[in-house]
Q: 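My structure is below; once you've seen it, I'll send some questions.
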Protein chains: 2
Amino acid sequence: MSDVLKALEGAAPDTRRPLGEILDAVRFNEAGLIPAIAQQHDSGEVLMMAWMNRETLMETLRTGRVCYWSRSRGKPWRKGESSGQQQHLRAASLDCDGDTLLLQVDQTGPACHTGRRSCFYVTLDADEARVTSEPMIDPQTLYGDKTPH
Amino acid sequence: MSDVLKALEGAAPDTRRPLGEILDAVRFNEAGLIPAIAQQHDSGEVLMMAWMNRETLMETLRTGRVCYWSRSRGKPWRKGESSGQQQHLRAASLDCDGDTLLLQVDQTGPACHTGRRSCFYVTLDADEARVTSEPMIDPQTLYGDKTPH
């Protein structure tokens, strides 16, 4: 772990560092990406997880509109640019060892390309899996003939 | 995406599949791992993110005690085995494209090796980073001279 993050482990609340110093300490993976969990800021529902690189993280912090990195398309993915269902950032935080982000967001409508509010709708137990939610919106309405997301 | 998960996209709530069929559709990464987000089941607080392989996921579902795969130590990591701060599983779910898990857990005490409740305590904005919580317990109390986690 970086010395910068190590030094924050015992730091008192409200201790501050310049953003660039922390971005240099983020442990992006071998593809230059970090997982970002999106949580609806008021309900606490975990909506989705996607990936960011340094540039899309900086864009997200600067603009307040969540921008991931699409691994399948190999380009920035401004959430909602196809579907209209945007994510606005309320707060972002980095975990203790600098390899995961948590985004508190305000999500318009469904976060999932299936039209469901959350991407986590297949519940697992020791014997079977079970679908636990249904679409809010027909995905055809969100995307027409375009490919999600 | 697997045909199995594709078929569940439009499935009605309570549609069921055998667990093995879904485990075969999970998209473990090149290291055989999938990220697992741990959320406190009642408060909604996101506590941490760690990684599981197929075996530790199956153990977790079977025993109800959360077991990750420690990438640094290269072995199963039964959360709390060093610190005593266990995670008990309330529910597990897989996301739409099969590459992330969400665990609803009941976490005893701090989830973070720093003694904080959550690992996400460094908040980022456009200019700076700021520590936003403090330890519930001195990490020395949790680990003594042992290495976390």
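Residue numbers begin at 1 in each chain, while the letters A, B, ... track the order of the sequences. In this text the structure is predicted, and so the values were computed from the model without any measurement.
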Q: Is Glu134(B) close to chain A through its backbone or its side chain, or both, or neither, when contacts mean heavy atoms under 4.5 Å?
A: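 Contact with chain A: backbone and side chain both.
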Q: What heavy-atom pair brings Arg116(B) and Leu8(A) nearest, and what distance separates the two atoms?
A: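 The answer is NH2-O, 3.7 Å.
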Q: Answer with yes or no whether the hydrophobic clustering places Leu33(B) together with Leu57(B); edges join I, L, V, M, F, W, Y residues whose side-chain heavy atoms lie under 4.5 Å apart.
A: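 Result: no, two separate clusters.
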Q: So which of Pro13(A), Gly98(A), Gly10(A) has the largest heavy-atom pair count under 4.5 angstrom toward chain B?
A: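 Most heavy-atom pairs within the cutoff with chain B belong to Pro13(A).
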Q: In terms of heavy-atom proximity below 4.5 Å to chain A, should Asp99(B) be classed as side chain, backbone, both, or neither?
A: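 Asp99(B) touches chain A through side-chain heavy atoms alone.
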Q: Given side chain to side chain contact (heavy atoms under 4.5 Å, CB included), test Glu9(B) with His113(A) step by step and report yes or no.
A: CA-CA 9 Å; Glu9(B) 289 191 353; His113(A) 77 283; 2.8 Å; yes
Q: Mind listing the closest non-hydrogen atom pair of Met49(B) and Pro35(A) along with its distance?
A: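 Here Met49(B) and Pro35(A) meet closest at CE-CG, 3.9 Å.
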Q: For the hydrophobic clusters of this structure (ILVMFWY residues joined by side-chain heavy atoms under 4.5 Å, transitively), does one cluster hold both Trp77(A) and Trp51(A)?
A: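 No, Trp77(A) and Trp51(A) fall in different hydrophobic clusters.
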Q: Does any heavy atom of chain A fall under 4.5 Å from the side chain of Thr100(B), the backbone, both, or neither of them?
A: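 Both parts, heavy atoms under 4.5 Å.
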Q: Should the heavy atoms of other residues, nucleotides or ligands under 6.0 Å from CG of Asp3(B) be counted, would the total exceed 12?
A: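 Counting other residues, nucleotides and ligands, CG of Asp3(B) stays at 12 neighbours or fewer.
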Q: For residues Ala11(B) and Val131(A), report the shortest heavy-atom separation together with the two atoms involved.
A: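 Scanning both residues completely, I find the closest heavy atoms to be O-CG1, 3.8 Å.
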Q: Less than 4.5 Å to any heavy atom of chain A: does that hold for the side chain of Glu30(B), its backbone, both, or neither?
A: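 Contact with chain A is through the side chain of Glu30(B) alone.
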Q: Side chains of residues 87-94 of chain A: which donor-acceptor pairs under 3.5 Å do they make with residues two or more places apart or in other chains?
A:
unit_1	atom_1	unit_2	atom_2	d
Gln87(A)	OE1	Tyr68(A)	OH	2.8
Gln87(A)	NE2	Gln107(A)	OE1	2.9
His88(A)	NE2	Gln86(A)	OE1	3.0

Q: How far apart are the closest heavy atoms of Ile22(A) and Ala129(B), and which atoms are they?
A: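 Heavy atoms only, the tightest pair is CG1-CB, 3.3 Å.
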Q: Which heavy atom in Phe120(A) sits nearest to a heavy atom in Leu101(B), and how many Å separate them?
A: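 The pair with the smallest heavy-atom distance is CE2-C, 3.9 Å.
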Q: Taking Arg17(A) first and then Asp127(B), would you say they form a salt bridge - that is, a charged N and a carboxylate O separated by under 4.0 Å?
A: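 Here Arg17(A) does not pair with Asp127(B) in a salt bridge, since their nearest N and O are not under 4.0 Å apart.
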Q: Would Val66(A) end up clustered with Met48(A) when hydrophobic side chains under 4.5 Å apart are linked, directly or stepwise?
A: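 Shared cluster, yes.
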Q: Measuring from atom CD of Glu21(B) to atom CD of Glu128(A), what distance do you get when rounded to the nearest 0.5 angstrom?
A: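 Here the rounded value is 11.5 Å.
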Q: Could you look at Asp125(B) and say if it's the side chain, the backbone, both or neither that has a heavy atom under 4.5 Å from chain A?
A: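 Contact with chain A involves the backbone of Asp125(B) alone.
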Q: If you count heavy-atom pairs within less than 4.5 Å of chain B, which of Thr114(A), Thr15(A), Leu5(A) leads?
A: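 The answer is Thr15(A).
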Q: Indicate yes or no for a side-chain donor-acceptor contact from Glu45(B) to the backbone of Gly44(A) under 3.5 Å, with no hydrogens or angles considered.
A: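 Not at all, since once roles are kept as given, no pair shorter than 3.5 Å links the two residues.
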Q: At a heavy-atom separation under 4.5 Å, does Leu102(B) approach chain A through its side chain, its backbone, both, or neither?
A: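 For Leu102(B), heavy atoms of backbone and side chain both lie under 4.5 Å from chain A.
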Q: Count I, L, V, M, F, W, Y as connected when their side-chain heavy atoms are under 4.5 Å apart, and connections chain through other members. Are Trp69(B) and Phe28(B) then in the same cluster?
A: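 Result: no, two separate clusters.
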Q: Count I, L, V, M, F, W, Y as connected when their side-chain heavy atoms are under 4.5 Å apart, and connections chain through other members. Are Ile34(A) and Ile37(A) then in the same cluster?
A: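 Different clusters: Ile34(A) never reaches Ile37(A) through Ile, Leu, Val, Met, Phe, Trp or Tyr contacts under 4.5 Å.
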Q: From Leu61(A) CG over to Leu124(B) CG, what is the distance, rounded to the nearest 0.5 angstrom?
A: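 Reported to 0.5 Å precision, the distance equals 6.0 Å.
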Q: Does Asp14(B) have more than 12 heavy atoms from other residues, nucleotides or ligands lying within 6.0 Å of its CG?
A: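 For Asp14(B), atom CG is crowded (more than 12 foreign heavy atoms under 6.0 Å).
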Q: Pick one of side chain, backbone, both or neither for Ala12(B), based on which atoms fall under 4.5 Å of a heavy atom in chain A.
A: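 Contact with chain A: backbone only.
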